[in-house]
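Step one of this worksheet: look at the structure below.
Keep in mind it's a predicted model, so treat the numbers as computed, not measured.
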2 protein chains.
Amino acid sequence: MNEEPRYKRKEDCPLTYAFALIGGKWRLPIIWALWKNEKLRYNELKRSVDGITNMVLSHTLKEMESYGLVVRKQYMEIPPRVEYSLTEAGKDLVPSLESLAKWGKAMQNK
Amino acid sequence: MNEEPRYKRKEDCPLTYAFALIGGKWRLPIIWALWKNEKLRYNELKRSVDGITNMVLSHTLKEMESYGLVVRKQYMEIPPRVEYSLTEAGKDLVPSLESLAKWGKAMQNK
DNA sequence: CTGTATCCGGCTAGATACTG
DNA sequence: CAGTATCTAGCCGGATACAG
């Protein structure tokens, strides 16, 4: 996958910035899975996010980690174990998302 | 511009659906402009949304109208006058967006 | 188990010109 | 004033294979 040219860090408008952080095809499903499960291993997460490939999952997680949304914790074991979870900032996001989801649901019923 | 293959109407997840409706490069700026101004003529809106072209603006507005976010009111005058405003659903969205913007602002300051 | 490398296609949106 | 037509480019994300 390419290097990210998309996300100008610290964009002027906070709302646009927020969307830059959580937009894209897989970010929301990942956040949702980690919200419902607290912490997940790589393959658990992959199974929770239906249809995502290794390529895209690992790349997306790296981005989200760099944005401060996700924590990656690696255990030095064999076989390797890596656990992902939401940062506090990631959790802070959830109420806003629930609010948006509520609106989305109302829109679906029209 | 192409016909839209992107937005599966009534997608399962309400949150994903919400993002389908308001995602994309220009939807948020347009909503914002119409929120701050109540109603705007086509060219006023264009001036409010910095950098957008006619092609993209008119196409985006058509989509947003079909999604029930925006109202287009045309007056039969010469020269032609067309005013755009938010629907009730569009206005209902604003509190969620403000909540998200607040989160985005906190993220910018880190 | 947890990823990375390479290659590639389709979609989003832009440039430019033109119209009722 | 308020758009539309046509053509194009570049990013986003996918397929597939491979690695530590």
| With distance as the sole test, does Arg72(B) use its side chain to make a donor-acceptor pair with the main-chain N or O of Lys62(B) at under 3.5 Å? | no
| Rounding to a whole Å, what distance do you find between Tyr84(B):OH and dC1(D):P? | 15 Å
| So what does Thr53(A) touch, heavy atoms closer than 4.0 Å: a base, only the sugar-phosphate, or nothing? | sugar-phosphate
| task | Might you confirm whether atom NZ of Lys91(A) has over 12 heavy atoms from other residues, nucleotides or ligands at distances under 6.0 Å? | result | yes
| field | 5′-ward residue of the pair Arg47(B)/Ser58(B) relative to DNA chain D | value | Arg47(B)
| Distance, rounded to the nearest Å, where Met55(A) contributes CE and dC18(D) contributes P | 16 Å
| query | How many Å lie between CG on Leu40(A) and P on dT2(C), as a whole number? | reply | 11 Å
| query | How long is the line joining CD of Glu44(B) and C1' of dG3(D), in whole Å? | reply | 16 Å
| request: From the options dG14(D), dA13(C), dA2(D), select the nucleotide whose nearest atom is closest to the side chain of Trp26(A). | output: dG14(D)
| field | Least distance between heavy atoms, Tyr67(A) atom then Met107(B) atom | value | O-CE, 3.4 Å
| field | Residue-phosphate contact under 4.0 Å: Arg41(B) side-chain N/O, dA2(D) OP1/OP2 | value | yes
| query | Taking the side chain of Arg72(A) as heavy atoms from C-beta outward, which of dT2(C), dG3(C), dC1(D) is closest to it? | reply | dG3(C)
| query | Which whole-number value in Å describes the distance from Leu45(B) CG to dC1(D) P? | reply | 14 Å
| Value in whole Å for how far the P atom of dC11(C) lies from NZ of Lys25(A) | 11 Å
| note | Here the distance between atom P of dA5(D) and atom NZ of Lys62(B), to the nearest Å, is 7 Å
| Rounded distance in Å - CD1 (Ile30(B)) to P (dA13(C)) | 10 Å
| task | Counting heavy atoms from C-beta on, name the nucleotide in dT4(C), dG20(C), dT2(C) closest to the side chain of Pro80(B). | result | dG20(C)
| query | Is the shortest side-chain N/O distance from Asn54(B) to OP1 or OP2 of dG3(D) below 4.0 Å? | reply | no
| note | To the nearest 0.5 Å, atom CD1 of Ile22(B) lies from atom CG of Leu93(B) at 5.0 Å
| query | Which pair of heavy atoms, one from Leu21(A) and one from Arg27(A), lies closest together, and at what distance? | reply | O-NH1, 2.9 Å
